[in-house]
> 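First the structure, then my questions, so here it is.
First listed ligand is number 1; within each ligand, the first listed atom is number 1. Residue numbers start at 1 and run along the sequence shown.
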Amino acid sequence: MSDCIFCKIAEGEIPTAKVYEDDQIVCFHDADPQAPVHVLIIPKKHIPSMDDLTEEDATLVGHIMVKIKDIARDLGLTNGYRVVNNCGEDGFQTVKHLHFHILGKRKMTWPPG
Ligand code: 5GP
Ligand code: ZN
C-alpha cells in the first residue's frame, strides 16, 4: 500500500536496519523502544490488523510465530520475552499494518497509556 509506512520499510523505500528478512516477513528495531530490546515483525503483505486475517493468511501468521522464537534467540533473549499485538483503536494500534512487538530484557510497560 503506497501510504503505509511499514510497506515502505518492507519494500526498502525507507532505509531501516533489518534484524531479519525473508520472502514473506521483515523484522526491524522499533523507532521508539519501550524495552532494552524492542523489535517489530511484520508480513510483507499489507494486512491492516489482526481483525483482517483470513484463513488464507494462516500459513503466513504461523511462519511469523515460528520465526519470533528464532529472532528472540538471535537477539540474546534467552531468558524470555513478550510478544504483543495491538489491534484497532481500543487496542492502541497506531500503525495500520499488522505487526507483532517482541520486547525483551525486562522494563515492563503495562498497562499502556
Ligand atoms: P502499535 O502501537 O501500532 O502497536 O505500534 C507501532 C509501533 O511502530 C510503535 O512502537 C512505534 O514506535 C513504531 N513505529 C512507528 N513508525 C515507525 C517507523 O517509521 N520506523 C520504526 N522502526 N518504527 C516505527
Ligand atoms: Zn502496509
> List the closest protein heavy-atom neighbour of atom 23 (N) of ligand 1: residue, atom name, distance to the nearest 0.1 Å.
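The answer is A31 N, 3.2 Å.
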> For K96, check salt bridge (Lys or Arg N to Asp or Glu O under 4.0 Å) against everything at least two apart and list the hits.
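In terms of salt bridge (Lys or Arg N to Asp or Glu O under 4.0 Å), with neighbours along the sequence ignored, K96 is linked to no residue.
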> For atom 5 (O) of ligand 1, state which one of H29, Q93, H99 supplies the nearest heavy atom.
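Considering heavy atoms of H29, Q93, H99, the nearest to atom 5 (O) of ligand 1 sits in H99.
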> Atom CG of D57 and atom OG1 of T59: how far apart are they, to the nearest 0.5 Å?
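Rounded to the nearest 0.5 Å, the CG-OG1 separation comes out at 9.0 Å.
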> To the nearest 0.1 Å, how far is atom 3 (O) of ligand 1 from its closest protein heavy atom, and which atom is that?
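Going by distance alone, atom 3 (O) of ligand 1 is nearest to T94 N, 2.7 Å.
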> Should H101 be listed as contacting ligand 1, given a heavy-atom distance under 4.0 Å as the test?
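Contact check H101 vs ligand 1: positive.
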> Ignoring hydrogens, just give me the one of D30, L98, V84, V39 whose non-hydrogen atom is nearest atom 7 (C) of ligand 1.
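Considering heavy atoms of D30, L98, V84, V39, the nearest to atom 7 (C) of ligand 1 sits in D30.
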> Should K67 and E21 count as an ion pair when the cut-off is N to O under 4.0 Å?
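No, no charged N to carboxylate O under 4.0 Å.
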> Which ligand 1 atoms, with their elements, are less than 4.0 angstrom from a heavy-atom of L40?
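Result: 8 (O), 13 (C).
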> Kindly give the atom name of the N, O or S atom of H46 closest to the Zn ion (ligand 2).
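Result: ND1.
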> Would a single hydrophobic cluster contain both V39 and V84, if residues Ile, Leu, Val, Met, Phe, Trp and Tyr are joined by side-chain heavy-atom contacts under 4.5 Å?
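No; V39 is not reachable from V84 via cluster members.
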> I want to know if ligand 1 touches V95 in the polar sense, i.e. an N/O pair below 3.5 angstrom.
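Between V95 and ligand 1 (N or O atoms, distance only) the closest approach is under 3.5 Å.
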> Atom 19 (O) of ligand 1: which protein heavy atom is closest, and how many Å away?
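Scanning the protein heavy atoms, the shortest distance from atom 19 (O) of ligand 1 goes to I5 CD1, 3.4 Å.
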> Counting N and O atoms only, with roles assigned by atom type, does the side chain of Q93 sit under 3.5 Å from a partner on the main chain of V95, one being a donor and the other an acceptor?
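Yes, because the side chain of Q93 sits within donor-acceptor range (under 3.5 Å) of the backbone of V95.
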> Please round to the nearest 0.5 Å and tell me the distance separating atom CG of L60 and atom CD of Q24.
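Taking CG in L60 and CD in Q24, the distance rounds to 5.5 Å.
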> Could you say whether the N/O atoms of F6 and ligand 1 ever approach to under 3.5 Å?
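Between F6 and ligand 1, no N or O pair is found under 3.5 Å apart.
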> What atoms in ligand 1 come closer than 4.0 Å to a heavy atom of N86?
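Per the distance check, 1 (P), 2 (O), 4 (O).
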> For N85 and ligand 1, answer yes if some heavy atom of the residue is under 4.0 Å from a ligand atom, otherwise no.
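For ligand 1, residue contact (heavy atoms, under 4.0 Å) with N85 is absent.
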> For this output row, return yes or no: ring centroids of H101 and H38 closer than 6.0 angstrom.
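Yes, they do, as the ring centres are separated by less than 6.0 Å.
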> Would you mind listing which atoms of ligand 1 come within a distance below 4.0 Å of any non-hydrogen atom of D32?
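Counting atoms of ligand 1 from 1, those under 4.0 Å from D32 are 12 (O).
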> Short N/O distance, under 3.5 Å, between F92 and ligand 1?
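Yes; the residue has a nitrogen or oxygen that sits under 3.5 Å from a nitrogen or oxygen of the ligand.
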> Against heavy atoms of I9, which atoms of ligand 1 measure under 4.0 Å?
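The list of qualifying atoms is 20 (N).
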> Under a 4.0 Å N-O cut-off, is there an ion pair linking E11 with K44?
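No salt bridge links E11 with K44.
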> Restricting to N/O/S, name the atom of H97 that gets closest to the Zn ion (ligand 2).
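Closest to the Zn ion (ligand 2) among those atoms: ND1.
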> With sequence neighbours excluded, tell me which residues meet side-chain hydrogen bond (donor to acceptor under 3.5 Å, both in side chains) with T16.
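None.
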> I'd like to check Y81 versus K69 (side-chain heavy atoms, cut-off strictly below 4.5 Å). Are they in contact?
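With C-beta onward as the side chain, the pair touches.
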